[in-house]
Amino acid sequence: MAVPTAAVVIVFVTLRLLESAAERLDRPCTRRERSGRVEREVVVAPGTPSC
């Protein structure tokens with residue numbers, strides 16, 4: 001049996017985290033995958049209080 005590469009593990013964990021977040025929102029949502037400097041992005045779910 002082949003050992004998964006780090007990239008495969010990272011993709012799997014990322015998908016699971018996104019699925020978990022969508023379940024916690026308990027509403028339909030779309031998913032956008034991005035790479036790069038994520039600390040420069042702000043994401044707000046509709047209906048949530050803004051800062």
Side-chain angles (χ1 to χ4, degrees):
M1 181 174 193
V3 176
T5 64
V8 171
V9 173
I10 290 168
V11 168
F12 177 78
V13 171
T14 301
L15 291 173
R16 184 62 200 121
L17 285 171
L18 290 171
E19 289 169 1
S20 176
E23 289 171 7
R24 285 193 306 273
L25 284 172
D26 195 30
R27 67 180 102 178
C29 60
T30 57
R31 179 170 35 202
R32 294 184 185 176
E33 296 179 29
R34 301 195 175 147
S35 61
R37 304 203 54 139
V38 295
E39 70 274 11
R40 296 179 181 253
E41 294 193 30
V42 177
V43 180
V44 177
T48 59
S50 59
C51 298

**Prompt:** Honestly curious: do V9 and L17 fall in one hydrophobic cluster under the side-chain, below-4.5 Å linking rule?
**Reply:**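 V9 clusters together with L17.
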**Request:** Could you tell me whether the side chains of S20 and R24 share a donor-acceptor contact shorter than 3.5 Å?
**Result:**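 R24 and S20 do have a side-chain donor-acceptor pair below 3.5 Å.
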**Message:** With rounding to the nearest 0.5 angstrom, report the CD to OG1 distance, E19 to T14.
**Reply:**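 Here the rounded value is 11.0 Å.
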